[in-house]
Each structure stands twice: as C-alpha cells, then as structure tokens.
Amino acid sequence: MGGRGVVVAEMTYRDAVARGIAQEMDRDPSVVFLGEDVGAAGGVFKATVGLLDRFGPERVSDTPISEQAILGAAMGAAMTGLRPIAEIMFSDFFAVCWDLVANEIAKTRYMTHGQVALPLVIRTANGGGVRFGAQHSQSVENWAMAVPGLKVVAPSTPRDVVGLLAAAVRDPDPVIFFEQKSLYPTKGDVPDGEIVDTLGTAAVRRHGKDATIVALAAMVPRALEAADVLAGDGVEVTVIDLRSLVPLDVATVAASVVETGHLVTVEENPRLCGWGAEVASIVAEERLFDLDGPIVRVTTPHVPLPAADALEDAALPSVARIVDGVRRSLL
Amino acid sequence: MGGRGVVVAEMTYRDAVARGIAQEMDRDPSVVFLGEDVGAAGGVFKATVGLLDRFGPERVSDTPISEQAILGAAMGAAMTGLRPIAEIMFSDFFAVCWDLVANEIAKTRYMTHGQVALPLVIRTANGGGVRFGAQHSQSVENWAMAVPGLKVVAPSTPRDVVGLLAAAVRDPDPVIFFEQKSLYPTKGDVPDGEIVDTLGTAAVRRHGKDATIVALAAMVPRALEAADVLAGDGVEVTVIDLRSLVPLDVATVAASVVETGHLVTVEENPRLCGWGAEVASIVAEERLFDLDGPIVRVTTPHVPLPAADALEDAALPSVARIVDGVRRSLL
Amino acid sequence: MTELRDRQPAGDAIGPAAPALEVRMAIYKMMVQMRDFEKRAYDLFLQGLVKGTSHLGLGQEAVAAGFAAAMLPSDYTFATYRGHNHTLARGAPMAAVMAELMGRRAGLMAGKGGSMHLTSVEHRMMGSYAIVGAHLTIANGAAWSSKLRRAGEVAVCFFGDGTTNIGAFHEALNLAAVWKLPVVFVCENNRWMEYTPISSVTAVGHPAADRARAYGLDPVLVDGNDADQTYGAARVAIERARSGGGPALIEAETYRHGGHSRADPGKYRPDEEVEAWLARDPIPRYRTRLLGVGVDEAVLVRIEEEAQTAVDAAAREAEASPPPDLSLVEADLWADGGSSWRR
Amino acid sequence: MTELRDRQPAGDAIGPAAPALEVRMAIYKMMVQMRDFEKRAYDLFLQGLVKGTSHLGLGQEAVAAGFAAAMLPSDYTFATYRGHNHTLARGAPMAAVMAELMGRRAGLMAGKGGSMHLTSVEHRMMGSYAIVGAHLTIANGAAWSSKLRRAGEVAVCFFGDGTTNIGAFHEALNLAAVWKLPVVFVCENNRWMEYTPISSVTAVGHPAADRARAYGLDPVLVDGNDADQTYGAARVAIERARSGGGPALIEAETYRHGGHSRADPGKYRPDEEVEAWLARDPIPRYRTRLLGVGVDEAVLVRIEEEAQTAVDAAAREAEASPPPDLSLVEADLWADGGSSWRR
Ligand SMILES: Cc1ncc(C[n+]2csc(CCOP(=O)(O)OP(=O)(O)O)c2C)c(N)n1
Ligand SMILES: Cc1ncc(C[n+]2csc(CCOP(=O)(O)OP(=O)(O)O)c2C)c(N)n1
Ligand SMILES: [Mg+2]
Ligand SMILES: [Mg+2]
C-alpha cells in the first residue's frame, strides 16, 4: 500500500471504525447509526467518537438498554428506505436480541420472496483477551455463520475495518460486522480517500508451500507470529485471513490446500461448531485427496472464557499452540 | 427389546415425552415442570397431557409468554434445590431467551468455580417437515452444541425419549433436550417400567461395512431408508444414531470409519456450522488416514425453511440425497 | 372480567362518534370479505389443501377493518401470524393470499412464507411475524424511518394480549415513547394466548391499557367488536402520531370465534364466554347498525353475495395454481438471488 | 429531576422510622468497609493489579448495607457486575473478593469469574450477573423454589435504572407478580446507565417506581443514600414477601461517586449534579446521624480504623496469592469436573 501518490496514515483499528462509518454517512444521507452510548459518549470502546458532532442527533442516536428495540428499529428502518448501522456493544449481547438477528433480519428477504430488502449492518465488539470474563469475551461469529441469510465479516486490520465496513453498508443485505475487541488498540496503515472492499474475499497474508493456516480477526496476527516461528525451523506456511465467513472464499482456501497439502484452522471460538469445523468439512469433502496430513483445528477449548489473565491466556489459542498445530498437521 | 418377561408396548414419540416426565416426577419430588400451555392444555403438541392432573399446579406450571422468565425461573430454582424441566415450545424461540441459555445457564458452574450447580432440562420441539415456515421449523441443535456448558440430546425413538429424558433430568448439569417435531406421531416399542439411559452414547442402528452414515433425530429413520435403497444396490452402510451431540460419542463414529473408510453426515441443520461439520472435522483430524473417500455432508441448504410443502420437501435432506451422498463418499 | 356491554364512544379518546357512511360501507364490505375468506380457508385446511397451520381472526374483523379504514395508503401495517385479515384489509388480493396458504406458485410470496408470514410490501403490509413480540420493535423502525425521512407515514402494529408479557413489548413501547415515534400499537385482547386465559398469566386486568402509563402514554380501551369504535380510536391515534404527537397504545377487547390455530375447536373456553361473545359478533352487529341508519338491506345483501363470489373465485384461482418452482428453495436469500454462501 | 431533599420515612411504606442501634452500628461498619474496600480496589486497578474491568458502588453503599441488614442469612442476593458491595454485605471475605478482582488463586471463584461475577453460595450471594436484566428472572427462580419448598427464603435482586428498559425486567416483574413470588426487586437509580442519563432514554421519570403499577404493585421510592430508609423499606418488603404477600419493586435513588467502570472519571456528568450528590454521601450523613443520637465518636473512629486495617490485610493477602493453576481452564464446566465434550 501507499506508493504512487496515495497518502497513507497509521491509524488504530479503533479509529478506523469511526472513519469507516463517517465515510459512508458522508456519502449517503440514508445511512444512520444507533446504539447504546454510541453518540455523546463515542462508544464504550471509543470507536465512534466524533460522529454525533459531525452528523447530529437524528443520524446518530443513543438508545436505552434495549437490544431488541435497537435491532427492530434498524430492521424496520432498513425496510423503509434507510441504511442503518446498529451497534450491539458486546457480541455476547446478541443473546438478548438473537430473535431479531436470526429469526427476523436473517429470514425476511427469503420468506417474503424478495419483497423486503434489509440493507443494514450490525457492528459488535467480539472476542476475548481483555480479562472481561465469560459474559463479555465470547467469539460468536460462528453463531452468525450458522444462520442462513446473514453475511458475516470480521476484519483483522484497520484498513480492512474501513473497506469492509463500507462494503457492508453498501451491501443490499444484512451484514454482521465483528470487530475483535483485542484489536482495537492495534495500528496499521490506512490510505487516504475512499476505501471500499469486496465481501467474501480472503487475503493471503503470507505465502509458504508447506502448510496452510486459515485464521480470522485477532488470530491473524497470531498466526503470522507462528509463521515466523515456524520459518525459523524451515517450515514455510501460507497464512490466509478469511476476512469474511459468509460469503466464504472457499476458492482461496482450496487453492492453497492443493499447493501445501496441509491445513490448520485457528479460531477464537470454543471448539464445537466453530467456523473452523465448517472450513475443515469443506476441505474434507472437496479436497480430501489433496491432503497429505490431518486437518488440525486450533481453538479455544470448549469452555467459557475465564477472567483471570493467566487462565484466559491459557485458554485462547497461543502462538505456541498454533505452531504445535501446524506440526501435527505435517505428521 | 422385549423378551424375558419385559412387557413392551407400542407408543408414540409424543406420548413418550409425558411418560418420561412422569417417570421422573414420580421418582423425585424436586422435579418440577413449567412452560407455555404445558399444563391445562397438555402442550401445543399434546406431549404433556395428563401431567397437571397427576402432579398438580405447584409442580406443573403454565406460564405467560415470557421465555426469558421461564428459563430464569428454571435456573434460579435449579440453583436452590429443585430440578426443573422447562419447555420452550418451539426451538426457534430459543432466540428470544438465548441469553439465559448461552450466557447464564451454560456458564454459571464454570464462572463460579463449581459453586453453583444447575440440574435442569430444557425441552423443545425442533425441526421442520410440518410446513410451519421459517420461524417454526428450524433445527438449532447446532446452536446449543456451539455453547460450552450445555449438554445436547436429540432422541430418534420413543424409547430413547423416555430413557434420555430420564438421564437428562438426573444429570447434574443443564441439558437441552431436542424433540424433533416431525417425529411426534411416529411409533416405537417402549418397555414397561423405569427406563434410564446414558448421555453421550451413540447407537448403531444398522451395520454395514461399506460406508458410515451419522445421523440424528428425524434423519435417523431417513438414513435407514437410504440404507435400504443402497442395500438393494449391494452397498451396505452402517447407520449411527448420535442421540447426543454433547457429550459426543466420537469413539463409536471413529471405530466405524476405521471399518468402512467412508463417512456421510446427515443433518437437518442448514449447511454452515451444522453439527456435521464438527463430526467431519474431528474425523478429518483424528482419522484422516483411515478415510478412503471424501467426507460428505448432506444438509438442508443454507437457507431458512420455506413453508410450501413442495419447497420444504425439496429443502430437507431426502432419502435420494442421502443415497447420492453415500455414492459421492464412495468415489 | 370486563363487562360485555356495548361501550359508547367516550368522546375525544376514541374520536368522532360516527364515521361517514361511505367509510362504514367500506368497513362492512371488508369485514364480510374477511369473514368469508377465513371460513373458506378453514374448510380448505380441513380438506388438507391449506397446509401446515393457520390462525384465523374470525370474530376479530372489526379491529382489522376499523384500523385499515383509518389508514392512508402510505401507512404501514405490521401484524402477527393471525394476519389474514390485516393483509386483506390493506388490499392484498384474496387469490394470492389463499394461494400462499395453500403453498402455491401464485401465493403472495410464492409459498415461501406461508400463512404466518403474509407480506405485501406493495400494499404497505410489511409483514406478519410469527415470533411473539418482535414485530413491535420492527414497527418502531418503520416509524423512525418515516420520522427521519419526514414522510408522514404512520406504522400501525397489531398483536395479541399474550404478547404484552414478552420482553420485546416493553422495549418497543419505551423506545417509541422516548423517540416520540409515529407508531400506533394495537393490542387485540381476545382473552386467550393459545390455550391459556390471559388473566391467569398477567399481573394486571387490562394487559395493554393498564400498562400504558408505564410508557408515559394514556390508556385507551375500546370495544374491539365495534368497528365504529376501532375506526374512531384509529383516526385519533393515527392523526396524532402523524402530526408528531408520538405513539399510542390501544387495547381493543375482542374474541376469536374459533380455536387458536389449525383445527383447534377451542373447547377449553367456558361455553358462556363463547356464547356471550358470539352474541357480540361484530358483523351482524354492524349490519344492524347500518340498517338502523337507513342503509337499504339489498345493498348489504349485494355486498355479501359479492364477497362470496370473490372468495369462490379466489379459492378456484389458488387451487389452480401449481406448486412453486423448486428452484425457489435456493432463491432470494440475498439480493443477488442465490443462497450461495461461497464465492 | 427529583429534588435532592432528605426524604422523611413516609410511614408504613418504608417501615419503622429508626432501626435499633446495633443494626445502625452494623450498617455503618458495613458501609465503611465497603467504601474502603472499593477505594483500594480502584487504586489496585490503576496500578494494573486489578485486571480487566471493575464497577464500583462508591456512593451507593446505603442500598447494599440497608438491605443486607434486613435480610436473614437464608435469604438470597442477586446482583450485577456492580456487585462488590452486595457481596461483602452478605459476609464474603474481603481477601477472597479482592483476590478475585486480581485474578488470583485465592479468589472467591479462583479467578474464573472475575469482578463482574462475584458469587458466594455459602453466603447466599447467588451471583453477580453481567448481562443487563437476566438476573431478575433468575431471582424469580430462587423465590419460586423457596415457595415450592416452603422454605421461607426471600430473594433480593439489585439492578440499575438502565436495566428497567430491557425486556427481561418486564418478564420478570410480571411473572413474579402473577406467581406471587417472595422476591424483592431493588432498582438502584443512580441516574446513569453507562454514559447516558437515564432520563434521556426512559419514558417515565422514575424508571422503576413509575412502572410498578404495570405489574399490579405499589410504587415504592426511597432515598437510597439514607441507610435507615433503605433498611426500613427492605424490612417491610422482605417481611411481606416472606409471609406470602408477593413481590415488591423498590426504587432507591442514589448516585455513583465515580465513573461507570475501570478508570472512567465520569466527566460526562454535570459538575453541579456530582457536587449535590457528593454532599449527600451516605456515609458521612449516617455518621452525623449516629453522633446525633449519642454514639460516641471514638466508637466510630474505631470502626473506621478497623476497616482500614481489614482492607490492608485483605489486599496483602490477595496480592500474595499466586495465579490460579492452569488446570482450572478445563475444570468445572460440568459436575464431573472436566470440560470433556466427548466420551
Ligand atoms: C416468543 C414466542 N413464544 C411463543 C410462541 C407460541 N405462540 C404462538 S401464538 C401464541 C399466543 C399468542 O397470544 P396473543 O398474543 O394473545 O395472540 P393471539 O394468538 O390471541 O392472537 C403463542 C404462545 C411464539 N410464537 N413466540
Ligand atoms: C444486555 C446488556 N446490554 C448492555 C450492557 C452493557 N452495559 C453494562 S452496564 C450498562 C449500564 C447499566 O446501567 P444501570 O442498569 O443503570 O446500572 P449501573 O451501571 O448504573 O449500576 C450497560 C449498558 C450489558 N451488560 N448487557
Ligand atoms: Mg390472545
Ligand atoms: Mg444506573
């Protein structure tokens, strides 16, 4: 990035959120934004600072603690001409409004035979690593992936926050946008000017011919660290950042597996029915004879996340466990 | 079954529910039962007829339409000495009370370092095939499987309804008990007297050496039909009824795959992150070199269920699609 | 229990006492059509032609008709699985609705939704929702959008007494009040949730009206079996909402003649209760009133005959329609048509 | 906004005007301990020793202390993430609570729960819940169980003003009323949700009291910064619940001295508001009252010194505790110890 006159600035993942929202609100007056403490306070993660001042209280609305009402408002507005962005503060809170997500928003276009379109985005802070305990640390992108009718996006870099958020807002269908909360303070280069990405395209973050690691969000930098460690031992891995679970870029994953013959998925999800299971099952169905070793899944064990730092660090997939996973895949 | 003096009666899956609940309420005065229309009306599926008369309104409680309040009541009662069975009328309605299921009930023993035990069962009518449309037909056993701290059970026969329900009630931990609504009218032999099963044990319903089909609930009889069709062509398959997703009887599945070399999973779940993905990923990790063909998943396509009979039949895994899946696995 | 007397329109709270004659005639026609339509739907259900389930509003027609008559074409309707009447009231064609119940290609949603999800965006019927409570929050969204777009559209949201005990009701009412949204919430209190009497599971006598103050709203209670009252209450509430006065919560007391759904005969209800309410059937009652104000009976008979003819035609048309094309299974998950979750 | 005058106990509604002296002394001691404990917790947070997050009840001590003093040992407490005070009030050891905040082996839950989930079943502190609203429904369950077991235990459930706008609040209150459960709901109205004033997102002035009637309950509003009032209201409500009179909903007006959580300085609040409430700090106020009724200041000073000593000791003990054993990651998912999802 950069080069040929494009101005590039370093920016946090956190600040990229407000930048992405502002880009779209500037462009399209039908984009509105609502959630708890998102306006005057700029969000509990300070990811939406400045939007209220810039766009005013009609387009940036603070709500009561009423997640069902928030998503209902977004849904009803989306079906009548607006393009809402709703914030669910922590992804754990999807559990109090899952009906709106899974039963209403996801199914309405289908049930109405295409009569109702729901161009809306639900942003949420996902994942662990910040010692918030079991009810504020879950990675639930697999919950959303399991529900037909939702698109599911999870950026790992500040640039992707802007580009994928723009793509999500412009998409004619509902997109669940997972911001990994452990990434908020991380920094990355973001070019100036409008950025619009494409949903459903994975990014190859590193190329190696010995094994393929597929990761998402906070697990991407961790997989890249593991790749460094492995390179020190002469093992060269490809690291694929899925960026989007639905649509899923099966082609990129499959092509890499054909090249390397070994697949490791790295999920923050607890083990059972995490997205890695789906990726593994696709490869086991479509590329079985290209595999030269077992498909290894590195996940959080099938437990809620403990609060204590020592325990949480032991639960989440670590660089060491990823390295170990790759070695097991090479057996 | 039967034989050696055990009296066996034919009974519907529906009636087996009331029988199972009654068996446990008779045995243990701390077992109580609550839900919407479950008492005076005997349940909307007539699966709990007679319980109110038999056990009285203190132990069998009709509730308002307040699923969160129902599960909260069950949880609070379970932590203070009762063993509640709560009904969530349709599994789709888990979406309105998922917080209680996923954030509270599932996590509390863990978060409290074992201080709080939650011996409770949540029964629910799951699945499609009855033309109820997208909001009353979902198979969401994978939602529950994805949440650490829940046990997940789904019987396919009347006998298993009784035995697994008893096991669930006696279990010291929360169990989500999925009754497949398309099975309610089906009949099967149920021996007289107390029946108590063991959670986490799969049943081999048919044995064959050419391929392994793993199925659950309503997909079990369908898989058995497919097995008949295949047998007509000389293909002998093993059909495993998982009966329980958590704990998962990996040993039985793995042993069969070692024998047959071919695995097909049959889910009513829509494709992405269904339980079949988990089973496939386990086998691809632990038994890859025993596989002689791709792992094939037969699922509902990744869509909500349509209401029209013609469409719903086309969406759900059919005998023909299972047969086809087995053939693809044998390639 | 509330007395079963005919309530008198009580001044301002439920608006002008008598609707204009052409409104009344339109209301009567609508009610008769709904009634005939649903009776036919019930027959077809018993014949196995209407599949799955079906929730009739027989007996509750005066709510749907009174409100629809007071709405502008640009106003939005949100209803429940008990939504046939509300769908017809907004002008959706009978044949398409019937075909939807039967799972046919000519269905309002080509059979993809079914009876519990009737939707006709063209008629601003924004959906029938089958999970209790959710659509109150969605109606808010349409009202919010109307407000932000300065569109002057009002959202009218119908639901049952049982719905007042679920969390979404509470969240929706509070947000509507705080944001002063142009939304009118109409509780059709038919005294029963499915098979459980609402009084046995509700902390207050009037599940909606007795809770209005919790949202800073005035309680409004109307005789839901009197179409003039529902129309009057609708006019007042809708106009206030349209002019920026914020939401309303109206409880309309009514009764379903049949069971909750499918073939349920509703036997759990006391005979006297059923009889008392059948005696207050909104349609004969309205007929008598129309005759009383001088409408020629022949005009009413013509309306009644035309309704029968229309229902016959609709049922025939629906029955003649083939099942939906199987390609629809994977269509319309997303705007790009496919259900493709992969690239 | 409600006036900031000292409310007088208004007769029956909030019980006997003056608690017995030994109760008052116990309340004072409790409040001082809580205050010192939480100030220390805040220091330790700023030093990076308390990890993750922490929600202080500084300024709200009179609610926790007044209610705890009115409860029997067998009664149940349900609290929120802002639950340090409620946990200490039931007798949980300071050192174990502090160690939990610090993620140490000696923690109340060995570090597995963290500050937002303090639980001590031994002390009938049945949990701190971090998802707004859920625990109201769970408190119902304990009360229901008490009722079925004829145990005479009452569940007391604390939550904030912001919680009154979520669906679970509504479902819980209705069920409690319908089932006449022995549960007392206590809304600590500290005027703010996180960073948003409750008045800007709520349809009524008193988020809990103005909604009591929607559940057939009498509104009860008390000065939450006056421990005699909270104690009095608690006595009345708990005894009524215990004797089969059903639930109560009490709104206690109070204020948090600090921010919502972690290092939040709470700068979004108007200076005058903060000052007015600091002037009503429940602890000095109670101290003055005790002196006024003739308590020797030396006795109070001793209580204050002992509290400091106890907090010092607890902090030392907690800091000395090692991190939890890593095997705990996979323990206690289920009764059989393991997290094994497979056989
Ligand atoms: C969240 C949820 N819980 C339960 C149901 C099952 N259910 C469908 S209709 C109904 C009764 C609704 O009663 P009411 O609101 O009075 O409406 P009515 O059917 O009388 O029109 C119930 C319990 C549901 N659809 N959604
Ligand atoms: C369902 C849910 N939504 C949002 C949050 C985030 N959150 C935590 S505390 C809080 C404010 C709660 O306000 P209040 O009930 O007044 O309690 P207080 O913090 O003032 O004690 C919010 C919004 C949450 N924990 N759960
Ligand atoms: Mg009703
Ligand atoms: Mg507050």
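We name chains A, B, ... by the order of the sequence lines, and we start the count at 1 in each one.
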Please report the interatomic distance [atom1]([X]) to [atom2]([Y]), rounded to the nearest 0.5 Å.
X: B:Gln68; Y: D:Ile166; atom1: CD; atom2: CD1; answer: 7.0 Å
X: D:Leu148; Y: B:Arg59; atom1: CG; atom2: CZ; answer: 9.5 Å
X: D:Asp332; Y: B:Thr112; atom1: CG; atom2: OG1; answer: 7.5 Å
X: B:Leu82; Y: D:Ser146; atom1: CG; atom2: OG; answer: 10.0 Å
X: D:Glu171; Y: B:Leu71; atom1: CD; atom2: CG; answer: 9.5 Å
X: B:Met111; Y: D:Met116; atom1: CE; atom2: CE; answer: 9.5 Å

Heavy atoms only, distances under 4.5 angstrom: which of [options] has the most pairs with chain D? Name it, please.
options: B:Thr63, B:Val116, B:Asn103; answer: B:Asn103
options: B:Arg109, B:Met145, B:Met75, B:Lys151; answer: B:Arg109
options: B:Asp171, B:Ile70, B:Leu34; answer: B:Leu34
options: B:Val250, B:Ile282, B:Thr108; answer: B:Val250
options: B:Ser30, B:Ser66, B:Cys97; answer: B:Ser66

Per-residue contact mode, [X] against chain B (heavy atom under 4.5 angstrom):
X: D:Ala134; answer: both
X: D:Ala331; answer: backbone
X: D:Leu328; answer: both
X: D:Val121; answer: both
X: D:Arg149; answer: side chain

Original post:
Does CD in D:Glu239 sit with more than 12 non-hydrogen atoms of other residues, nucleotides or ligands closer than 6.0 Å?
Top reply: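 Yes.
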
Which bit of [X] comes within less than 4.5 Å of chain D, counting heavy atoms only: side chain, backbone, both or neither?
X: B:Ile105; result: neither
X: B:Leu118; result: neither
X: B:Glu58; result: both
X: B:Ala251; result: both
X: B:Leu150; result: backbone
X: B:Val152; result: neither
X: B:Thr201; result: both

If you count heavy-atom pairs under 4.5 Å with chain B, which of [options] comes out on top?
options: D:Ser145, D:Pro324, D:Ala143; result: D:Ser145
options: D:Leu136, D:Leu175, D:Ile131, D:Asn140; result: D:Ile131
options: D:Arg124, D:Glu100, D:His117, D:His170; result: D:His117

Between [X] (side chain only) and [Y] (backbone N and O only), is there a donor and an acceptor less than 3.5 Å apart?
X: B:Gln115; Y: D:Thr119; answer: yes
X: D:Trp334; Y: B:Gly149; answer: yes
X: D:Tyr76; Y: B:Thr80; answer: no

Check: [Y] and [X] side chains under 4.5 Å, non-hydrogen atoms:
X: B:Val32; Y: D:Trp144; answer: yes
X: D:Arg342; Y: B:Pro247; answer: no
X: B:Met79; Y: D:Ile138; answer: yes
X: B:Pro148; Y: D:Trp341; answer: no

Which heavy atom in [X] sits nearest to a heavy atom in [Y], and how many Å separate them?
X: B:Pro172; Y: D:Ala335; result: CG-CB, 3.4 Å
X: B:Asp173; Y: D:Leu333; result: OD1-O, 4.4 Å
X: D:Val329; Y: B:Tyr110; result: O-OH, 2.6 Å

